[in-house]
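Single-structure report; data block below.
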Number of protein chains: 2
Amino acid sequence: MSRVINVLLAEDQGMMRGALALLLGLEDDIEIVAQVGNGDEILPQALATRPDIALLDIELPGRSGLDAAAELRERLPDCRVLILTTFGRPGYLRRAMEAGASGFLVKDGPVEELAAAIRRVLAGERVIDPALAAAALSAGPNPLTQRERDVLAAAVDGATVADIAAKVHLSPATVRNYLSAAIGKTATRNRMEAVRAARQNGWL
Amino acid sequence: MSRVINVLLAEDQGMMRGALALLLGLEDDIEIVAQVGNGDEILPQALATRPDIALLDIELPGRSGLDAAAELRERLPDCRVLILTTFGRPGYLRRAMEAGASGFLVKDGPVEELAAAIRRVLAGERVIDPALAAAALSAGPNPLTQRERDVLAAAVDGATVADIAAKVHLSPATVRNYLSAAIGKTATRNRMEAVRAARQNGWL
DNA sequence: GGCGGGCGGTGACTTTTGTCATGGCATGTG
DNA sequence: CACATGCCATGACAAAAGTCACCGCCCGCC
């Protein structure tokens with residue numbers, strides 16, 4: 001075997017982060033060189049510690065793990081990215097691949113998968129749940145335009161049309177048009193169902 | 001020191017469950033005697049393995065950890081309950097205490113807290129985050145009636161009044177009355193904000 | 001026994017949503 | 001160039017959602 005594998009761990013839940021760090025630390029060939037709980041710290045810490053692989057949660061405070069992955073691939077091409085997320089949303093997988101990730105793991109599987117996935121990624125393999133890959137392909141690409149996503153995202157917590165219009169700097173009537181379009185494209189009956197569907201698919 | 005502490009671990013996320021189990025297993029005085037990923041398995045497993053303490057997540061498939069806690073206290077009074085949850089909602093804490101839990105931990109803090117909390121609970125202490133306790137007290141009790149909760153819960157994913165009425169077996173007009181009442185009590189502007197507020201407070 | 005509260009319901013009313021047709025303006029691309 | 005597509009907007013209309021007053025029933029409580 002070659003050298004030790006240096007890994008950066010980005011995960012917002014303290015207990016999860018600590019547990020994973022301790023766990024991976026038990027492996028002889030793995031060393032945690034950085035732990036962060038915020039998306040904005042990923043790149044700086046990576047530049048400082050030069051990990052071989054970054055283990056990124058998607059939903060983080062600050063920058064999303066997907067955005068961080070893209071930056072990482074650009075600024076530190078030698079660092080592989082392994083996405084580790086709670087939600088196996090098709091759109092997340094797709095975006096992860098587009099961002100240059102080498103693997104995509106959901107937090108459901110057994111812990112043993114994790115160290116194994118790290119080694120496989122470092123060996124040049126791509127690690128993706130086959131069932132999830134199939135779902136991502138069958139679901140097709142994101143049908144929503146940028147504005148439709150913006151408007152839908154602004155509608156998540158029950159905001160009124162006026163609220164959304166103010167947030168996105170659009171006319172209220174225009175907002176309703178975009179909402180209507182999003183509802184149509186998601187084949188739902190109202191804005192809340194549209195939000196749910198978009199979230200489910202990782203289109204937000 | 002006395003005997004080893006037998007613990008039952010209920011947590012739905014496989015990786016989290018595995019990591020915690022491995023972690024706690026490293027402690028000399030702690031032994032995991034049962035691991036479950038489903039709320040309905042908690043009581044049967046507890047009856048079979050007779051743990052000293054049950055470590056319960058709240059949001060589980062099947063029965064909620066809070067419901068399981070109440071049953072556990074009744075059927076197995078010698079078994080302490082320590083709630084371990086992602087969300088430090090005031091209402092959750094309140095319900096946990098009413099269900100007879102001895103402790104309430106959020107998954108944010110450091111991992112070291114966990115083993116420490118287990119030992120403290122077994123020593124007869126109550127383990128509760130002081131800040132959270134204050135929030136729970138200042139937030140006051142759940143103002144929603146049973147039916148208001150039912151209707152609100154049925155409204156979570158954008159269901160129409162007709163859908164809710166069908167789900168809850170009520171007249172559509174009555175459903176709208178309950179929704180209106182819930183919106184009033186939560187001081188919000190529409191059903192989605194009411195749902196959010198209710199969730200935030202752990203009133204669902 | 002009167003009173004408050006939760007429960008279930010109706011009808012009438014206003015406001016908000018959702019739909020649709022239609023317009024203009026900017027991009028591209030065959 | 002014509003055409004499609006995304007963007008922003010308006011106005012009109014139908015369908016939901018939300019509000020309010022009011023009804024009766026039951027239960028617990030002072």
Using whole Å, report how far [atom1] of [X] lies from [atom2] of [N].
X        : N      : atom1 : atom2 : result
B:Met192 : D:dA17 : CE    : P     : 12 Å
A:Leu170 : D:dT10 : CG    : P     : 11 Å
A:Leu152 : C:dG18 : CG    : P     : 10 Å
B:Glu193 : D:dG18 : CD    : P     : 10 Å
B:Tyr178 : C:dG5  : OH    : C1'   : 11 Å
A:Asn190 : D:dG18 : CG    : P     : 10 Å
B:Ile183 : D:dT19 : CD1   : C1'   : 10 Å
B:Glu148 : C:dG5  : CD    : C1'   : 11 Å

Inset, instruction - Decide whether B:Thr160 and B:Asp163 meet the rule of one side-chain donor and one side-chain acceptor closer than 3.5 Å. - result: yes

Inset, instruction - Using only heavy-atom distances, determine whether the side chains of B:Gln13 and A:Thr86 contain a donor-acceptor pair under 3.5 Å. - result: yes

Legend entry - Residue pair A:Arg50 / A:Val33, side-chain heavy-atom distance below 4.5 Å: no

Legend entry - Beyond-backbone contact of B:Leu60 with B:Ile42, side-chain heavy atoms, under 4.5 angstrom: yes

Salt bridge or not between [X] and [Y]? Use side-chain N to carboxylate O under 4.0 Å.
X        : Y        : result
A:Arg119 : A:Glu125 : no
B:Asp157 : A:Arg199 : no
B:Arg75  : B:Glu71  : no

Inset, instruction - Sort and list the pairs that fulfil salt bridge (charged side-chain N to carboxylate O under 4.0 Å, His left out) and have at least one residue in residues 92-109 of chain A, not counting sequence neighbours. - result: A:Glu11-A:Lys107, A:Asp57-A:Lys107

Distance check: side-chain N/O of [X] vs OP1/OP2 of [N], anything under 4.0 Å?
X        : N      : result
A:Thr174 : D:dA9  : yes
B:Ser180 : D:dA17 : no
A:Thr145 : D:dT5  : no
B:Arg147 : C:dG8  : yes

Inset, instruction - Choose from C:dT10, D:dT10, D:dC8 the nucleotide whose nearest atom is closest to any side-chain atom of A:Ser171. - result: D:dT10

Inset, instruction - Measure from the side-chain heavy atoms of A:Leu179 and tell me the nearest of C:dC7, C:dG18, D:dT19. - result: C:dG18

Under-3.5 Å N/O pairs linking protein and nucleotides 11-16 of chain C:
{"unit_1": "C:dA12", "atom_1": "N6", "unit_2": "B:Arg176", "atom_2": "NH2", "d": "3.4"}

Legend entry - Distance, nearest 0.5 Å, that separates CZ of A:Arg17 from CG of A:Leu55: 12.5 Å

Legend entry - Dot-bracket encoding per residue of DNA chain C, Watson-Crick/G-U cut-off under 3.5 Å, | denoting interstrand: ||||||||||||||||||||||||||||||

